[in-house]
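Right, one structure below, let's go through it.
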Amino acid sequence: MAALPYIVGNWKMNGTRAMLNEARAIDRSAARFPKVQVGIAPPATLLYRVRDAVEVIGVGGQDCHARDNGAFTGDVSAVMLKDAGADFTIVGHSERREYNRETDEHVKAKAEAALSAGLAVILCVGETEAQRDAGDAEAVVAAQLQGSCPGTDGAADKLSVAYEPVWAIGTGRVPSVADVAAMHKSIRAQLVAIYGSAGADVRILYGGSVKADNASELLAIPDVGGALVGGASLTAESFLAIVGAAASLGAD
Ligand code: PEP
């Protein structure tokens, strides 16, 4: 049976308690779209409260440390995310790779820590504009997958990959349909090479300037199993329009 489309909101470093109303509104409406899996990743400070405020949607972290506990000031472990009620965590977001100098090795260790804490994982990969212009996009993403996919037994069952071209994040620019299709096909081949037949079922999300007006086109591309949404996930109205687009595609 095909997996449900998965639409995940990444709130990044946005949100105080006032945003709980958006979480509640997303949750209430998501209940009307049972054929779409919906999640939001609020900042860690809101995780526990969002968990309490919602009933239907998944709740996740935006990152985790690779160790369970210890002298790592300011960090949050996967065990702590799980304890706060998280279902999943994002790892390897390009903003973490860039601003926190996270390597594939770090990302792999984080993904493995998350899986061992009982969380599902959304692993982000994507090329910079210079890498795409140089014709290296698929090779860059393949290397990221080889270096950062978790090696834990059964990892593929709890893993989603988010293809997020760095140059498309928060810019309003999106790759062509043909480029997204080619990249998702290449990612699928890598996942099968890494995980064997289990790699065929890993959901591959697209992320980067997904909005209500381009969601239907992007979600209809072969092997696009959902979307990781930044800016447009910050209000229930704009996020639910994307959830609705996913639901309409599934209704055919
Ligand atoms: C993201 O950062 O994961 C993202 C997809 O952001 P945006 O939708 O704002 O481009």
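By convention here, the first residue in the shown sequence is residue 1. As the structure lists them, so they are numbered: ligands from 1, and atoms in each ligand from 1. Note that this is a predicted model, so its numbers are computed, not measured.
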Among non-hydrogen protein atoms, atom 9 (O) of ligand 1 lies closest to Gly231 N, 2.8 Å
Assess whether atom CG of Asn100 is packed by more than 12 heavy atoms of other residues, nucleotides or ligands within 6.0 Å. yes
Value for CE (Met183) from CD (Gln190), rounded to nearest 0.5 Å, stands at 10.5 Å
| What about Glu164: any of its N or O atoms under 3.5 Å from an N or O on ligand 1? | yes
inquiry  = Counting only nitrogen or oxygen atoms and a 3.5 angstrom limit, does Gly230 reach ligand 1?
reply    = yes
State plainly whether the residues Asp179 and Arg132 are in salt-bridge range, i.e. N to O under 4.0 Å. yes
closest protein heavy atom to atom 2 (O) of ligand 1 is Lys12 NZ, 2.5 Å
Using a 4.5 Å cut-off on heavy atoms from C-beta on, say whether the side chain of Arg203 contacts that of Val161.
no
In this structure, atom 1 (C) of ligand 1 is nearest to the protein heavy atom His93 NE2, 3.2 Å
Next on the checklist: What I want to know is whether Gly170 and ligand 1 share at least one N or O pair that is separated by under 3.5 angstrom.
Outcome noted: yes
- Query: Hey, quick one: are Ile221 and Tyr163 part of the same hydrophobic cluster, counting side-chain heavy atoms closer than 4.5 Å, chains of contacts allowed?
  - Reply: yes
- Is the closest N or O pair between Thr171 and ligand 1 shorter than 3.5 Å? no
The atoms of ligand 1 lying under 4.0 Å from a heavy atom of Ser209, numbered in the order shown, are 7 (P), 8 (O), 10 (O)
Q. Is atom CZ of Arg51 surrounded by more than 12 heavy atoms (other residues, nucleotides or ligands) closer than 6.0 Å?
A. yes
So for Ile169 against ligand 1, with non-hydrogen atoms under 4.0 Å, the contacting part is both
Check your understanding: Is the shortest side-chain N to carboxylate O distance from Asp75 to Arg67 below 4.0 Å?
Key -> no
query: ligand 1 and Gly208, any nitrogen or oxygen pair closer than 3.5 angstrom?
result: no
- Task: May I ask whether Ser233 has any heavy atom positioned less than 4.0 angstrom from an atom of ligand 1?
- Result: no
By salt bridge (Lys or Arg N to Asp or Glu O under 4.0 Å), Glu102 pairs with (sequence neighbours left out) Arg96, Lys110
Honestly, for Ala168 the part within reach of ligand 1 (heavy atoms, under 4.0 Å) is backbone
